[in-house]
Enquirer: 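Quick one: structure below, then a few questions.
Counting starts at 1 for both ligands and their atoms, following the listed order.
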Amino acid sequence: MDLDAPTALLAGLSPAQFMRRHWQRRPLLVHAAWPDVVPPLTRPQLFALAADADVESRAVVRSGGRWSVRHGPLSRRSLPPLRQPGWTLLVQGADLHADAAHRMLQPFRFVPDARLDDLMISWASDGGGVGPHVDAYDVFLLQLRGTRRWRIGRVRDERCVEGAPLKLLRRFEPRYDWLLGAGDMLYLPPGWGHDGIAVGECMTASIGFRVPRHAELAHAMLLSVADAVSDAHSGGGVPYGDRGSAATTAPACVPAALQAFARDAWVEAVRDPLAQARALGQWLSEPKPRVWFEAGRRAHSLGARALALDRRTRMLYDADHVYINGEALAASGRDAQCLRRLADERALPAAEVGRLSRGGRTIVQQWLTAGWVHER
Ligand code: SIN
Ligand code: CO
């Protein structure tokens, strides 16, 4: 991708300009961002996904001023009739379930994969929507079919309507009011309230980006450190000893020597300079809950054919490691080059597969057997 080339997707801005001017800063409305867009799923396909227990879905119905929300799996019969106004069906992670949906993410890969969350697809009957709300993440809202009216405004008061079954802003003050037709797109940074109402039946894709927070990262990384400590010291590690300690008149007081011993254990556990980056990479590449790979269906061995990542595979890398579906692999030299290319392009030409070392081939063979990678 040429980061300096103007693109219709971003209203004639280049990806580099978009990132400087809009990303996390201000919304961007793009008419004809994707002029000939074809919904990656038909309505029946979307409804079939919503009925699947491995798919995250919800239905939001508004009737008068009352809202109701139901979470999947949602059988067709449990949903309102198509002609009933004011309801919507939302399917998360459509990219995990359909190659065509996964391919729609490709033009947005000027943003690091580490930030990507998923592609959600919604279908709405006339007047349907999820009400005025604010999200904590960046999103591209791409109109796939039909027309939607978007009202947006910066949120100054985040309080929500009490007792409502979904997050609805108590005070929403829209600043812009736009009609988006098929192929039009709206980028919204976090903190912008929005209310999208279907004008007639419509379908919308949301390309959403995760915004990790300090606390969840600290939690994930400390869990990973804990796992590493358990693996390294299956026998429990160095025992505390207090031979020679004095008798005490304050039996409830924690001994200073034990505090120092614990401090040493703590320092030892986080001593590995690569541990923190490794824990981050593992966490970021962890597959979403309810993701299954079709493992071992055909246990063929790695040949000399090109490779492609399964659409569900999350693969990332840093200076020292390659991460795939929550696992870390120290990689250097030619193997690192090949595997980084596989991660960036989500594919690897046959000639590059041939350059892998014996160890590299063994690893990729395991990924093939696990269904994380496929031969083309
Ligand atoms: C939608 O209804 O498709 C979009 C949901 C949202 O506003 O985040
Ligand atoms: Co939203």
Enquirer: Could you tell me which residues satisfy side-chain hydrogen bond (donor to acceptor under 3.5 Å, both in side chains) with E173, sequence neighbours excluded, listed by chain and number?
Expert: R171

Enquirer: Taking side-chain hydrogen bond (donor to acceptor under 3.5 Å, both in side chains) as the criterion, tell me which of Q143, H31, R148 meets it with D184.
Expert: H31

Enquirer: Any carboxylate oxygen within less than 4.0 angstrom of a Lys/Arg side-chain nitrogen, looking at R311 and D99?
Expert: yes

Enquirer: Looking only at protein heavy atoms, identify the closest one to atom 2 (O) of ligand 1 and say how far it is in Å.
Expert: R148 NH2, 3.5 Å

Enquirer: Decide salt bridge (charged side-chain N to carboxylate O under 4.0 Å, His left out) for R312 and D95; before the verdict, give the C-alpha distance in whole Å, the side-chain angles of both, and the deciding distance to 0.1 Å.
Expert: CA-CA 8 Å; R312 288 156 285 203; D95 52 308; over 6 Å; no

Enquirer: List every atom of ligand 1 that sits less than 4.0 Å from any heavy atom of H194, numbering the atoms from 1 in the order shown and giving each element.
Expert: 6 (C), 7 (O), 8 (O)

Enquirer: More than 12 foreign heavy atoms under 6.0 Å from CD of E158: is that the case here?
Expert: no

Enquirer: State whether W283 and R210 meet the cation-pi test: NZ (Lys) or CZ (Arg) under 6.0 Å from the six-membered ring centroid, and within 45° of the perpendicular axis.
Expert: yes

Enquirer: Do me a favour and list the nearest non-hydrogen protein atom to atom 5 (C) of ligand 1 with residue, atom name and distance?
Expert: M120 CE, 3.8 Å

Enquirer: So with a 6.0 Å cut-off around CZ of R154, is the heavy-atom count from everything else above 12?
Expert: no

Enquirer: Would you kindly specify which portion of D135 sits under 4.0 Å from ligand 1, judged on non-hydrogen atoms: side chain, backbone, both or neither?
Expert: side chain

Enquirer: Below 4.0 Å, non-hydrogen atoms only: which portion of Q143 touches ligand 1? Side chain, backbone, both or neither.
Expert: neither

Enquirer: Do any protein N, O or S atoms sit under 2.8 Å from the Co ion (ligand 2), and which ones are they?
Expert: H133 NE2, D135 OD2, H194 NE2

Enquirer: Can you tell me how the ring of F18 sits relative to the ring of Y187, calling it parallel under 30°, perpendicular over 60° and tilted otherwise?
Expert: perpendicular

Enquirer: Can you tell me how far CZ of F209 sits from CZ of F140, rounded to the nearest 0.5 angstrom?
Expert: 5.0 Å

Enquirer: Starting from atom 3 (O) of ligand 1, what is the nearest protein heavy atom, named by residue and atom, and what distance separates them?
Expert: S122 OG, 2.5 Å

Enquirer: Below 4.0 Å from ligand 1: does a non-hydrogen atom of T88 turn up there or not?
Expert: no

Enquirer: Work out whether the distance between some heavy atom of W150 and some atom of ligand 1 is less than 4.0 Å.
Expert: yes

Enquirer: What protein heavy atom lies closest to atom 7 (O) of ligand 1? Include the residue and the distance to one decimal.
Expert: H133 CE1, 3.0 Å

Enquirer: Output yes when R355 and E352 qualify as a salt bridge under the 4.0 Å nitrogen-oxygen rule, no when they do not.
Expert: yes

